[in-house]
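Report on the structure given below.
Numbers here simply count residues along the sequence, with the first being 1. Computation of the quantities below employed the complete heavy-atom set of this structure, encompassing side-chain atoms and omitting hydrogens, waters and symmetry-equivalent molecules.
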Amino acid sequence: MALDSAKKAEIVAKFAKKAGDTGSAEVQIALLSARILELTEHLKIYKKDFSSRLGLLKLVGRRKRLLSYLKRKDQASYTKIIAELKLRDK
């Protein structure tokens with residue numbers, strides 16, 4: 001369930017802080033969110049695909065850790081990315 005390169009480049013361009021930025025927390029969170037959405041749609045069709053379900057849970061955990069890091073380091077950026085990706089804040 002990998003993203004195609006065009007969609008990935010679009011997400012990177014939208015959330016990058018500067019040109020060539022592919023590793024910032026914002027970009028990583030946005031890419032993980034896109035992969036999570038794709039896997040969620042896949043699992044709605046294939047309900048017994050337990051290996052993909054495990055991968056989804058790992059991606060959600062990684063995104064959660066990145067979000068908590070971003071919340072500690074840059075509150076303004078955290079609230080911006082939460083609003084853009086329509087994620088819940090606990």
Side-chain angles (χ1 to χ4, degrees):
M1 299 286 114
L3 295 173
D4 60 337
S5 59
K7 187 169 183 175
K8 186 181 274 192
E10 176 186 328
I11 293 170
V12 168
K14 183 176 179 182
F15 290 96
K17 292 182 177 180
K18 59 183 179 184
D21 176 22
T22 58
S24 67
E26 293 88 349
V27 173
Q28 290 182 52
I29 291 167
L31 288 172
L32 284 171
S33 295
R35 286 181 62 196
I36 288 170
L37 286 175
E38 280 191 5
L39 266 177
T40 303
E41 293 302 316
H42 170 80
L43 288 171
K44 285 179 183 175
I45 299 168
Y46 303 102
K47 297 183 187 325
K48 294 187 178 184
D49 188 356
F50 298 112
S51 60
S52 291
R53 187 173 309 277
L54 178 63
L56 173 67
L57 292 174
K58 287 181 180 182
L59 291 176
V60 169
R62 189 183 313 165
R63 182 178 70 179
K64 182 180 175 184
R65 286 191 301 273
L66 280 168
L67 281 169
S68 67
Y69 166 79
L70 191 61
K71 188 174 184 177
R72 279 194 322 268
K73 295 295 180 181
D74 188 4
Q75 184 70 32
S77 180
Y78 172 78
T79 56
K80 179 184 170 196
I81 199 160
I82 287 290
E84 285 189 38
L85 294 175
K86 297 178 181 78
L87 299 176
R88 288 182 288 164
D89 186 16
K90 57 177 184 170

Query raised in the report: Residues in side-chain hydrogen bond (donor to acceptor under 3.5 Å, both in side chains) with Ser51, at least two apart?
Result: Asp49

When rounded to the nearest 0.5 angstrom, what distance separates [atom1] in [X] from [atom2] in [Y]?
X     : Y     : atom1 : atom2 : answer
Leu87 : Ile29 : CG    : CD1   : 8.5 Å
Glu10 : Asp4  : CD    : CG    : 9.5 Å
Ser33 : Ile81 : OG    : CD1   : 7.0 Å
Arg53 : His42 : CZ    : NE2   : 9.5 Å

Query raised in the report: Would Phe50 and Lys48 satisfy side chain to side chain contact (heavy atoms under 4.5 Å, CB included), going step by step from the backbone distance to the final call?
Result: CA-CA 6 Å; Phe50 298 112; Lys48 294 187 178 184; 4.2 Å; yes

Report task. Report the C-alpha distance between Glu84 and Glu26 in whole Å, list the side-chain angles of each, state the deciding distance to 0.1 Å, and finish with yes or no for side chain to side chain contact (heavy atoms under 4.5 Å, CB included). Result -> CA-CA 11 Å; Glu84 285 189 38; Glu26 293 88 349; over 6 Å; no

Report task. Decide side chain to side chain contact (heavy atoms under 4.5 Å, CB included) for Glu41 and Leu37; before the verdict, give the C-alpha distance in whole Å, the side-chain angles of both, and the deciding distance to 0.1 Å. Result -> CA-CA 6 Å; Glu41 293 302 316; Leu37 286 175; 5.8 Å; no

For [X] against [Y], the heavy-atom pair lying closest together:
X     : Y     : value
Ala25 : Leu70 : CB-CD1, 4.1 Å
Leu66 : Leu32 : CD1-CD1, 3.8 Å
Lys17 : Asp21 : N-OD2, 3.0 Å
Leu85 : Phe15 : CD2-CZ, 3.8 Å
Gly55 : Leu39 : C-CD1, 4.4 Å

Query - Under 3.5 Å: donor-acceptor pair, side chain of Arg35, backbone of Leu56 - result: no

Query - Donor-acceptor contact below 3.5 Å, side chain Lys47 vs main chain Lys44 - result: yes

Requested in this report: Give the C-alpha distance, both sets of side-chain angles, the deciding distance and a yes or no for side chain to side chain contact (heavy atoms under 4.5 Å, CB included) between Leu31 and Thr22.
Outcome: CA-CA 10 Å; Leu31 288 172; Thr22 58; over 6 Å; no

Requested in this report: Give a yes or no on whether Leu43 and Leu57 share a hydrophobic cluster (residues Ile, Leu, Val, Met, Phe, Trp, Tyr; joining criterion: side-chain heavy atoms under 4.5 Å apart).
Outcome: no

Query - Pairing residues for Lys71 by the salt bridge (Lys or Arg N to Asp or Glu O under 4.0 Å) criterion, not counting sequence neighbours - result: Asp89

